[in-house]
Amino acid sequence: MPDFDPSSSDYYERLGVPASASRRTIRKAYRDVAQKTHPDRNPDDPRAANRFRRIREAYEVLSDEEAKQAYDRQRTSYVRSTGLTAAPRLDAGCMAYAAWRVLVGIIAAAIFVAMEMAGLWELNDAESTTWVIVGAVVLASALALLAAHSLEDEASDYEVRFEVDDVTVYVEGHPWARVHWGDVHRLEADAERNTVELRVAPRAGEGIRPQKPVIQRVSRASGEVRIVIDLSDTDLPATAVHRFARTIDGVRTTMVASEATE
């Protein structure tokens, strides 16, 4: 069961209980969380009163059967019908995607300008001029390879769609990776890093490879494939993905513990 998160817009996450929790479980969770967040127990924390208010707000709805049913209907229908989409906050353009390619052009231009200033193009010996040109090309290529090795390509145009049937990552408008929820063993959300890890069946992970900055890591261990999706450059919080995944039948979810904030 995930830790409570007073900052969440979801009432269940505020109390740290699953949507299937019984009234008794909700009441017990509220008592535990209320003791931890009560302003009297946190006199030096200026945010304690607001945290406690949000915890109480969630409990008032979830402890009332009629209000809880109305909240559940609204919560489930909205999330499942719309799904979730993550995209970069800013369009970094081709500079972010191919920084080293731009650098290659600058290096080549600088070399040939230097050759012009040194008068190397005015050599009377054709063979010497040829070797100068070859040397310049080799030097530019070597510097370009060094730049390419040092600067990784990163996609600037990407999108992650969490839908009712699957999760799809699009890069440059084309599907890069797709995983059906039926193949997901567990979803782990990290609110602090704003990442989501999908643990999927080996066959579902075949052919999926990293694509920074969105797919940070793909690893294989213990009979499953772990795919880490980084949402830190988007406006979609990992807590929202965690909440959405809990509406998908058969998907186990985990929220990585982190200090709750406003």
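Reckoned from all heavy atoms, side chains included, excluding hydrogens, waters and symmetry mates. FYI, the numbering just counts along the sequence from 1. Worth saying up front: this structure is predicted, and the values here are computed from it rather than measured.
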Test side chain to side chain contact (heavy atoms under 4.5 Å, CB included) on Arg31 and Arg27 and set out the steps.
CA-CA 6 Å; Arg31 290 175 178 173; Arg27 183 168 59 250; 3.7 Å; yes
When the ring centroid of Tyr71 is compared with that of Tyr11, is the distance short of 6.0 Å?
yes
Can you check whether Lys68 reaches Asp64 side chain to side chain, under 4.5 Å on heavy atoms?
no
Can a donor-acceptor pair be found, under 3.5 Å and without considering hydrogens, that links the side chain of Asn42 to the backbone of Lys36?
yes
Heavy-atom side-chain proximity of Ile227 to Val200 below 4.5 angstrom:
yes
Within 45° cone of Tyr12 ring axis and under 6.0 Å: Arg243 NZ or CZ:
no
Applying the side chain to side chain contact (heavy atoms under 4.5 Å, CB included) test to Val218, which of Leu198, Val228, Val225 qualifies?
Val225
Any side-chain heavy atom of Arg203 within less than 4.5 Å of one from Asp183?
yes
Results of ring pair (Phe, Tyr, Trp, His ring centres under 6.0 Å) for Tyr30 - residues two or more places apart only:
Tyr59
Short question: side chain of Asn194, backbone of Leu236 - any donor-acceptor pair under 3.5 Å?
yes
Arg226 bridged to Glu188 by N-O distance under 4.0 Å:
no
Show, in sequence, the C-alpha distance, side-chain angles and deciding distance for Thr37 and Arg51, and conclude whether the side-chain hydrogen bond (donor to acceptor under 3.5 Å, both in side chains) test is met.
CA-CA 7 Å; Thr37 60; Arg51 287 192 181 121; over 6 Å; no
Are Gln211 and Tyr158 side-chain neighbours, meaning at least one heavy-atom pair lies under 4.5 Å?
no
Side chain to side chain, Val160 and Val167, heavy atoms closer than 4.5 Å:
yes
Sub-3.5 Å donor-acceptor pair from the side chain of His38 to the main-chain atoms of Asp40, do we have one?
yes
Under a 3.5 Å threshold, yes or no: a donor from one side chain and an acceptor from the other, between Asn50 and Arg53?
yes
